[in-house]
Every structure is written in structure tokens, then in C-alpha cells.
Student: 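The structure that follows is given in the form of C-alpha cells.
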Amino acid sequence: MSAIGGLQTVEHSGMLKLYSALFYAGCSFLITVVNKTVLTSFRFPSYLFLGIGQMIVTLVVLYAAKMRKKVQFQDFDRSILFKIFPLPLLYVGNHITGLASTKKLSLPMFTVLRKFTILMTMTLEVYLLKKSFPRRLVFSVVAIVFGAMVAASSDLAFELEGYTFILLNDAFTAASGVYTKKKLGTEGLGKHGVLFYNALFIIIPTLLASAFTGDLHKAVTFKDWGDDTFVFCFLLSCSMGFVLMYSIVLCSYYNSALTTTVVGAIKNVAVAYIGIFVGGDYLFSWTNFLGLSICMSGGLVYSYFTFNQKTPVNYEGAQELKIHITEDSTQKEAII
């Protein structure tokens, strides 16, 4: 199955790759703004509860679609846990740290520090998939990271907890991207199975953690549940959480984990500069703004080389196919 999936990756049309990338970028942009509104503007106290809501929507939508024969994936049995592991752990880590960092950081700083995901993804692909990258791509990543460090060094709203969450989120995102790509070729799962069983395996532990920490009580007793605007934004965030996860899987299916990460960086160009004027929690400084500009410029250069050099992309796709065949013949399940 992985071999077949690898062939499909190479043969996917450019339009499918582009559309899936644009779909992911749009969803990622929208949910960042919506989550920021819920967690910061309305001061909703529980990012865990918001994550639980997004998981519930994922389960309901996919189960209903499966019952109506709109999508297909394997029914639950003992083999599912071994097929999906360790994606649920990475998913919940990515989900929680992402929501927590959204609450703690301003939009521009959130998007700048997310740039470290590119470096982490490249490192994982070099280490786990034995890939190599042209120097110009490596240099552009260095520029992205340098810009992020310049911007972060002068962040007047420095928040240690927020920085910790966002760097953890970068690591979880990178690992999730690489392993999602590998799991998409697993027999019986596919795009929809990966999404459904990820949410199924983590929703109860997340709910228990929320209740144990008192987070659930804070969410239930939140004062604005009677506010129609808040309820609309909360439900929109829950729905967008499912759409975002689907767009990530779709982009990874038609492209690579690294391409998905690069698309996120492109999206961040718009979010970071809009966040300077929207959100009310960005404290301007020229050093910070210069760092943002360097970081975004590096992201654009990286994106240009990635999407315009056809030969390296095809080479990587062929190399990825070779790696998948080798791994399937020796070790069926990968462990983080």
C-alpha cells in the first residue's frame, strides 16, 4: 500500500497539489483568527475544552459520512491502534500546545515562532527519511529562523509560557506531518480513517484531563454562553478545527510533509502583518518589525524555490517512494 501511495504522490497533478495547498492555507488562516477571537477577545478560559469541541465535530461528521457511504475507512478492531499509533499522541500534543500558544501570544509572534516548524520538519526528514536538500533551501530556512530570532528577541510582550507552548507545538507539528504522510498509505485507514481514529483515541483522555485540572468546570461556567456572538464563534472554531485537520491531511496526501509546512509559512505572511493591525495585543517596535520582515522574506524565497524547481520535487517524490518500500518490507509500524 505504501508503494502504491508513493506512486500516487509522484503522479498527482500540479493542480491537485496547488488546490490542496491553497485549501490548507485558507483554513489555517481562518482558524487562527477565529481561535484568537474566542480565546483572547472573549477571554474563554479553556483551550482544552475548545479542542474537545473540535474533536467531537470531527467524529460526528466523519461517522455520519461513513454511515451514508460518502466516505470509506476500516471499521474498528484491534489492529487499528497499531496502525494509527503514534499519531494520536502527536495530534493531541499539537492540538493542545497550538491552542495554548494562540491564547498566550500575539498573532505576529505566534506566526513568527511557528517558522521553527520548517527547520524541525527538514531535520526529521533528513534523519528519518534520509532526504537531502539543496543549499539554497537550507539558506532560506536559516533566514527564516534568523528573522524569527530577531523578532522574538525584541518581543515587548514576552511570555515564557507562551514561547514554551509554541516551540512544543512546532515539534509536534513537524513530527505529525512526517508521520501522517507515512500513515496515509496504511491499508484500511486513508485520509478519513486517520482523522477519525485520531480523534476517537484522544477525546476521552483529553476530556478526563480537562475535568481533573478544573479546566472543564471553568469552561462550563463561562459567563458568555448566553452571548450569541460568542456561541457562534465557538461553534465556528469547532467546525474549523475539523476542516483544518482535513486540509492538513489532504495537503500531505497530495504533497509532502515539508510542502505542507512551507504552505503554513506562506499563510503566516498574511497573518503576521494583519495581526499588527488586528487583535490589539501587538506592541510595535522597529526591531520586532524588522525581524518579521526578514522572516517573511525568507519564507517567500523558500516557497519560490520549493514550488518552482520541478526536478528536485520529482526527485524527492521518487526517493520517498523508495524509502516507503524499504520500510514496509522491514518494519510496518513506525515509533516516534
Side-chain angles (χ1 to χ4, degrees), residues 20 23-42 44-76 80 84 87-103 169 172-173 176 180 183-184 189-211 215-216 218-220 222 224-225 227-253 260 264:
S20 63
F23 179 49
Y24 163 55
C27 292
S28 183
F29 173 81
L30 289 175
I31 196 171
T32 300
V33 175
V34 173
N35 284 345
K36 192 67 179 175
T37 300
V38 172
L39 295 172
T40 301
S41 298
F42 284 100
F44 186 65
S46 175
Y47 54 83
L48 273 178
F49 190 81
L50 185 60
I52 292 170
Q54 294 174 355
M55 295 173 206
I56 291 174
V57 171
T58 298
L59 291 172
V60 171
V61 171
L62 288 178
Y63 184 78
K66 180 177 173 64
M67 293 297 98
R68 292 176 174 271
K69 310 296 183 182
K70 299 296 183 181
V71 301
Q72 294 182 354
F73 53 87
Q74 181 180 338
D75 293 332
F76 179 80
I80 290 294
I84 200 71
L87 280 182
L89 299 180
L90 297 176
Y91 177 89
V92 71
N94 187 26
H95 216 77
I96 292 173
T97 56
L99 289 172
S101 57
T102 300
K103 182 178 181 180
N169 185 234
F172 279 120
T173 301
S176 295
T180 294
K183 294 296 182 180
L184 285 174
L189 289 180
K191 301 185 293 292
H192 304 103
V194 167
L195 282 175
F196 182 84
Y197 288 114
N198 264 336
L200 181 65
F201 285 131
I202 65 178
I203 188 170
I204 294 179
T206 306
L207 186 60
L208 292 175
S210 178
D215 192 75
L216 182 62
K218 293 179 182 178
V220 172
F222 183 59
D224 285 340
W225 281 115
D227 187 333
D228 292 339
T229 303
F230 167 76
V231 172
F232 172 78
C233 290
F234 180 86
L235 294 177
L236 182 60
S237 175
C238 292
S239 301
M240 284 301 302
F242 161 69
V243 176
L244 175 65
M245 289 309 303
Y246 181 76
S247 70
I248 292 173
V249 171
L250 198 67
C251 188
S252 298
Y253 177 75
T260 302

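Only a predicted model underlies this, so the values are computations on that prediction, with no experimental measurement involved.
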Student: Mind telling me whether Phe23 and Tyr246 have parallel, tilted or perpendicular rings, with 30° and 60° as the class edges?
Tutor: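 Because their plane-to-plane angle is over 60°, the rings of Tyr246 and Phe23 count as perpendicular.
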Student: So, for Pro88 and Ile202, which heavy atoms are closest and what is the spacing to 0.1 Å?
Tutor: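 So the minimum-distance heavy-atom pair works out to O-CG2, 3.2 Å.
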Student: How long is the gap from NZ on Lys218 to OG on Ser210, to the nearest 0.5 Å?
Tutor: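 These two atoms lie 10.0 Å from each other.
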Student: List the atom of Ser176, the atom of Leu90, and the distance in Å for their closest heavy-atom pair.
Tutor: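 So the minimum-distance heavy-atom pair works out to OG-CB, 3.3 Å.
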Student: Fit a plane to each ring of Phe230 and Phe234, take the angle between them on a 0 to 90° scale, and name the class: parallel (under 30°), tilted (30 to 60°) or perpendicular (over 60°).
Tutor: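 Answer is tilted, since the angle falls between 30° and 60°.
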Student: Sub-3.5 Å donor-acceptor pair from the side chain of Thr37 to the main-chain atoms of Val33, do we have one?
Tutor: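 Side chain of Thr37 to backbone of Val33, a donor-acceptor pair under 3.5 Å: yes, one is there.
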Student: Measure across Thr58 and Leu195 and return the closest heavy-atom pair with its distance rounded to 0.1 Å.
Tutor: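 Where Thr58 meets Leu195 most closely, the heavy atoms are CG2-O, 4.0 Å.
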Student: Evaluate whether atom CG of Leu235 has more than 12 neighbouring non-hydrogen atoms of other residues, nucleotides or ligands under 6.0 angstrom away.
Tutor: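 Check passes, neighbour count above 12.
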Student: Check whether any side-chain heavy atom of Leu87 lies under 4.5 Å from a side-chain heavy atom of Phe201, and answer yes or no.
Tutor: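 No, their side chains stay 4.5 Å or more apart.
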Student: Name all residues meeting the salt bridge (charged side-chain N to carboxylate O under 4.0 Å, His left out) criterion together with Lys70; count only those two or more places apart in sequence or in a different chain, and write none if there are none.
Tutor: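 Checked Lys70 against salt bridge (charged side-chain N to carboxylate O under 4.0 Å, His left out); zero matches.
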Student: So which atom in Met55 and which in Ala199 form the shortest heavy-atom distance, rounded to 0.1 Å?
Tutor: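 For Met55 versus Ala199, the nearest heavy atoms are O-CB, 4.1 Å.
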Student: How many angstroms lie between atom CZ of Phe49 and atom CG of Leu207, to the nearest 0.5 angstrom?
Tutor: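 Here the interatomic distance stands at 8.5 Å.
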Student: Supply the atom-to-atom distance Asp228 CG to Cys233 SG, rounded to the nearest 0.5 angstrom.
Tutor: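 If I round to the nearest 0.5 Å, the distance is 11.0 Å.
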Student: Measuring from Leu200:CG to Tyr63:OH, what's the distance to the nearest 0.5 Å?
Tutor: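 Here the interatomic distance stands at 11.0 Å.
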Student: Can you name the nearest heavy-atom pair linking Lys66 to Gln74, along with the distance?
Tutor: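 Looking at all heavy atoms of both residues, the closest pair is NZ-C, 4.5 Å.
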Student: Could you tell me the separation between the CD1 atom of Ile80 and the OH atom of Tyr197, rounded to the nearest 0.5 Å?
Tutor: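 Between atom CD1 of Ile80 and atom OH of Tyr197 there are 4.5 Å.
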Student: For residues Ser20 and Leu250, report the shortest heavy-atom separation together with the two atoms involved.
Tutor: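 Heavy atoms of Ser20 and Leu250 come nearest at CB-O, 4.1 Å.
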Student: Begin from the C-alpha positions of Lys36 and Ser41 and carry the test side-chain contact (heavy atoms from CB on, under 4.5 Å) through to its verdict.
Tutor: CA-CA 7 Å; Lys36 192 67 179 175; Ser41 298; 5.9 Å; no
Student: Could you tell me which residues satisfy ring pair (Phe, Tyr, Trp, His ring centres under 6.0 Å) with Phe172, sequence neighbours excluded, listed by chain and number?
Tutor: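 By the ring pair (Phe, Tyr, Trp, His ring centres under 6.0 Å) rule, Phe172 matches no residue at all.
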Student: With rounding to the nearest 0.5 Å, note down the distance linking CG in Leu62 to CE in Met245.
Tutor: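 Reported value, rounded in 0.5 Å steps: 11.0 Å.
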